[in-house]
Amino acid sequence: DSNKSSDNMYVLVRSLDASGLAQESIDFISEHIELFPNDGRAKLLFAERQMSSDSSDAIATYEKMLKDYPNNFVVLNNVAYLHMEANNMQKAFEYGSRAYEIQPDNVATADTYAQILMRQGKTTQAVEVYNRVMNDDVKNETIILNYIESLMKNKSLTIAKRRIEDLELTSDESKKRLEQLKQQYL
């Protein structure tokens, strides 16, 4: 029954989100969690919503979730990312490396872990992490540009230039970032 309830909650949340009712969506998830405190899917949705509005609350929610789901790579990856953004690099590395150990072939996990390594000045290791997952199937422009930046910082300019030649960016923000990277490193 709780699975059915979780499925129904998910459908309603998607409907609210699609209708532009973000706050109603968050309120509904919160109410659902009060009724079904063991619904991990609802907790994950709630924490994901918090990421964009209040990162310290999201960190607290994710860290609480880790008590019940210590090996959930999504939770580990997201809390690692939030700690990295808050410049808590020791915790970011702790959670990011655990997520990467569990799912080394997951592109988002590898990206978070590689970004943490980059901020720690471990550029060669970051490139190695990216090399494991970067292929033509990766379409996320932010991740592709993160990879190119790691190559440039690692002085692997020939590979970076080759990657840039094959690149077809769609977002204006990505195009602007690529130009900034070229000016900075090439």
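Just so you know, these numbers come straight off a predicted model, no measurement behind them. No hydrogens, no waters, no symmetry mates; every other heavy atom, side chains included, goes into these values.
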**Q.** Criterion side chain to side chain donor-acceptor pair (under 3.5 Å) against N146, the qualifying member of N140, D111, T112
**A.**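 Among the candidates, only D111 passes.
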
(Q) Closer than 4.0 angstrom, basic N to acidic O: yes or no for R177 and E149? (A)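 Looking at R177 and E149, the cut-off is met.
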
Q: Using a strict 4.0 Å threshold on nitrogen-to-oxygen distance, state whether R49 and D57 make a salt bridge.
A: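 Salt bridge absent between R49 and D57.
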
Donor-acceptor contact below 3.5 Å, side chain [X] vs main chain [Y]:
| X | Y | result |
| --- | --- | --- |
| S156 | M152 | no |
| E24 | L16 | no |
| R98 | N71 | no |
| S15 | V11 | yes |
| K91 | M84 | no |
| E141 | S171 | yes |

Looking at [X] and [Y], what are the two nearest heavy atoms and their distance?
| X | Y | answer |
| --- | --- | --- |
| S5 | H32 | OG-CE1, 3.1 Å |
| F73 | A99 | O-CB, 3.8 Å |
| G96 | I116 | CA-CD1, 4.2 Å |
| A108 | N106 | N-OD1, 3.1 Å |
| D137 | N135 | N-OD1, 2.7 Å |
| F28 | V13 | CD2-CG2, 3.9 Å |

Find out whether [X] and [Y] are in side-chain contact, i.e. whether some heavy atom of one side chain is under 4.5 Å from a heavy atom of the other.
| X | Y | value |
| --- | --- | --- |
| E48 | N78 | yes |
| L66 | L76 | yes |
| L145 | L167 | yes |
| K43 | V75 | no |
| L117 | T123 | no |
| D172 | K175 | yes |

Q: Provide the full list of ring-ring contact (aromatic ring centres under 6.0 Å, His included) pairs with a residue in residues 114-144, sequence neighbours left out, each pair given once.
A: Y130-Y147

**Q.** Results of side-chain hydrogen bond (donor to acceptor under 3.5 Å, both in side chains) for T142 - residues two or more places apart only
**A.**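 Result, side-chain hydrogen bond (donor to acceptor under 3.5 Å, both in side chains) vs T142: none returned.
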
Q) Around Y100, counting heavy atoms of other residues, nucleotides and ligands shown, do more than 12 lie under 6.0 Å from its OH? A) yes

Q. Does atom CD of Q90 have more than 12 heavy-atom neighbours from other groups under 6.0 Å away?
A.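 Open.
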
(Q) Can you confirm if the NZ or CZ of K122 lies within 45° of the ring axis of F93 and under 6.0 Å from the centre of its six-membered ring? (A)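 Positive - K122 is close enough to the ring of F93 and near enough to its axis.
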
With distance as the sole criterion, is a donor-acceptor pair present between the side chains of [X] and [Y] under 3.5 Å?
| X | Y | answer |
| --- | --- | --- |
| S55 | E85 | no |
| Y95 | E63 | yes |
| T109 | Q103 | no |

Using a 3.5 Å cut-off and no angle test, enumerate the donor-acceptor pairs between side-chain atoms of residues 179-186 and protein atoms at least two apart in sequence or in another chain.
residue, atom, partner, partner atom, Å
E179, OE2, K182, NZ, 3.4

Q: Treating Ile, Leu, Val, Met, Phe, Trp and Tyr as nodes and any side-chain heavy-atom pair under 4.5 angstrom as an edge, say whether L45 and V79 lie in one connected cluster.
A: no

Q: Answer with yes or no whether the hydrophobic clustering places V138 together with Y113; edges join I, L, V, M, F, W, Y residues whose side-chain heavy atoms lie under 4.5 Å apart.
A: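 Different clusters: V138 never reaches Y113 through Ile, Leu, Val, Met, Phe, Trp or Tyr contacts under 4.5 Å.
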
